[in-house]
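Within every chain, numbering begins at 1; the chains are lettered A, B, ... in the order of the sequence lines, protein sequences first and strands thereafter. From a predicted model like this one, the values you see are computed outputs, not experimental measurements.
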2 protein chains.
Amino acid sequence: MCTLNTEDKILNAAIVLFSQKGFTAVTTKEIAKVAGVSEMTLFRHFESKQNLFEKAFDKFVFSPKFLALFEGLEWDLERDLNKICSSYQDILCKNQKIILMHFKNEELNPNFDAALFRFPNEFKRLLDYYFEEMRNRGAIRENPETLAMSFLATNLGLFITSLVMNKLTFETDIQTCISSCVKIFAKGITG
Amino acid sequence: MCTLNTEDKILNAAIVLFSQKGFTAVTTKEIAKVAGVSEMTLFRHFESKQNLFEKAFDKFVFSPKFLALFEGLEWDLERDLNKICSSYQDILCKNQKIILMHFKNEELNPNFDAALFRFPNEFKRLLDYYFEEMRNRGAIRENPETLAMSFLATNLGLFITSLVMNKLTFETDIQTCISSCVKIFAKGITG
DNA sequence: CTATCATGTTAGTTCCTACTAACATAAGTT
DNA sequence: AACTTATGTTAGTAGGAACTAACATGATAG
């Protein structure tokens with residue numbers, strides 16, 4: 001049933017555990033156990049815990065094509081923002097583990113910061129462009145950069161909310177929340 | 001210059017380090033050094049690292065009076081939401097360290113979950129009430145609970161944004177972003 | 001002055017963790 | 001059959017971290 005090769009099994013186990021507990025709190029023995037291999041095999045393949053961490057990071061770090069998010073737009077605020085937001089949520093969600101892993105190991109690997117913060121930065125710049133264009137078209141009047149940042153913040157909020165959803169006693173599901181937020185946002189900036 | 005008593009010095013150092021690195025990654029020696037005391041003194045006062053962690057949590061956990069946020073409302077959407085949002089941001093900001101500390105030690109202390117998740121839950125319930133009342137007054141039409149959740153998500157997003165602000169290459173400051181978000185939200189749900 | 005108290009210092013114990021060496025095994029290849 | 005390759009097992013080392021015991025010191029209170 002499990003046809004993964006050894007390295008993948010280890011990398012998968014590593015990313016799961018690192019994202020749950022952070023680098024220091026996870027032991028190589030634990031990773032090996034979850035991966036279903038012996039600890040020795042882990043070291044044979046990855047030499048050190050640090051190296052395993054980096055390999056796991058490299059393997060799972062996302063390289064989304066942000067530009068693709070901004071193709072096929074209809075220049076209808078709510079529709080466009082809905083599409084953009086859903087795609088961004090999807091990217092964040094797919095990379096949940098690596099984001100959490102990074103967050104729990106902050107000062108451990110400052111060199112990874114750049115890799116991860118490239119994305120909100122890039123996303124923001126494309127949003128800038130979108131809102132700028134929308135203002136040129138007369139759909140909105142506010143400062144495009146402020147709008148871009150507000151929309152980014154909203155997106156991060158939705159992501160965090162979906163992460164902690166199970167800890168909260170809410171009835172509304174996240175999808176409803178996402179469309180609600182986008183709808184409100186689109187309506188709120190129109191005119 | 002530093003008139004803090006020993007226990008406070010240690011607790012302060014502990015919360016800072018735990019929030020930066022998480023429980024496991026911090027050593028008692030490190031805490032003692034930052035506190036400016038000997039490691040022995042730390043153990044004399046707190047007996048164990050675990051106990052120190054719990055004492056730090058207890059000392060710094062916030063007990064905001066959420067009801068106070070909802071007093072003196074003017075039943076003007078933008079004004080009220082601005083006030084509510086600012087206060088909530090303030091609470092989150094003041095308790096940044098303990099939130100981060102908790103986040104980085106997730107499965108280490110599930111018993112603390114309840115303590116921390118009480119707040120978004122409570123905040124959400126009061127928002128429910130506010131939007132319900134606003135609907136009764138005819139100011140809004142949407143489902144109050146969905147609105148409450150959307151507004152909570154927006155608030156969390158603003159908080160996260162302010163946390164990672166220094167890692168992002170944005171020009172807009174967080175205050176502008178907050179008022180922009182609230183303004184958009186208020187306008188977006190009116191009618 | 002003396003007793004007390006909080007703190008520092010030093011040395012040490014115990015345990016855990018990253019990591020290694022050496023040998024065993026089992027499957028596949030030639 | 002002999003060899004290779006990937007893995008497991010067992011035992012072990014080295015270092016670090018939590019935590020302790022015993023003694024030293026310096027300030028304060030009576």
Non-hydrogen side-chain atoms of A/Phe46 and A/Glu7 separated by less than 4.5 Å: yes
Atom of A/Ile91, atom of A/Pro64 and distance for their closest heavy-atom approach: CD1-CB, 3.4 Å
Sugar-phosphate only, base, or nothing, as touched by B/Thr41 at under 4.0 Å among non-hydrogen atoms: sugar-phosphate
Between P of D/dC23 and CZ of B/Arg44, the distance in whole Å: 14 Å
Cation-pi geometry met for B/Lys49 and B/Phe23 (6.0 Å, 45°): yes
Pairwise side-chain contact, A/Phe18 with A/Ile98, heavy-atom cut-off 4.5 Å (strictly under): no
A/Glu122 CD: over 12 foreign heavy atoms closer than 6.0 Å: yes
Outermost DNA chain C nucleotides near chain B [under 4.0 Å, heavy atoms]: C/dT7 to C/dT9
Full working for salt bridge (Lys or Arg N to Asp or Glu O under 4.0 Å) between A/Lys124 and A/Glu145: CA-CA 8 Å; A/Lys124 161 77 169 24; A/Glu145 204 195 320; 3.5 Å; yes
B/Lys97, NZ atom: more than 12 neighbouring heavy atoms under 6.0 Å: no
Can you check nucleotides 16-18 of chain D for protein contacts, nitrogen or oxygen pairs under 3.5 Å, and list what you find?
residue	atom	partner	partner atom	Å
D/dA18	OP1	B/Val26	O	3.4
D/dA18	OP1	B/Thr28	N	3.4
D/dA18	OP1	B/Lys49	NZ	3.1
D/dA18	OP2	B/Thr28	N	2.9
D/dA18	OP2	B/Thr28	OG1	2.7

A/Lys55, NZ: over 12 other non-hydrogen atoms inside 6.0 angstrom: no
Whole-Å distance separating the CG atom of B/Leu42 from the P atom of D/dT20: 12 Å
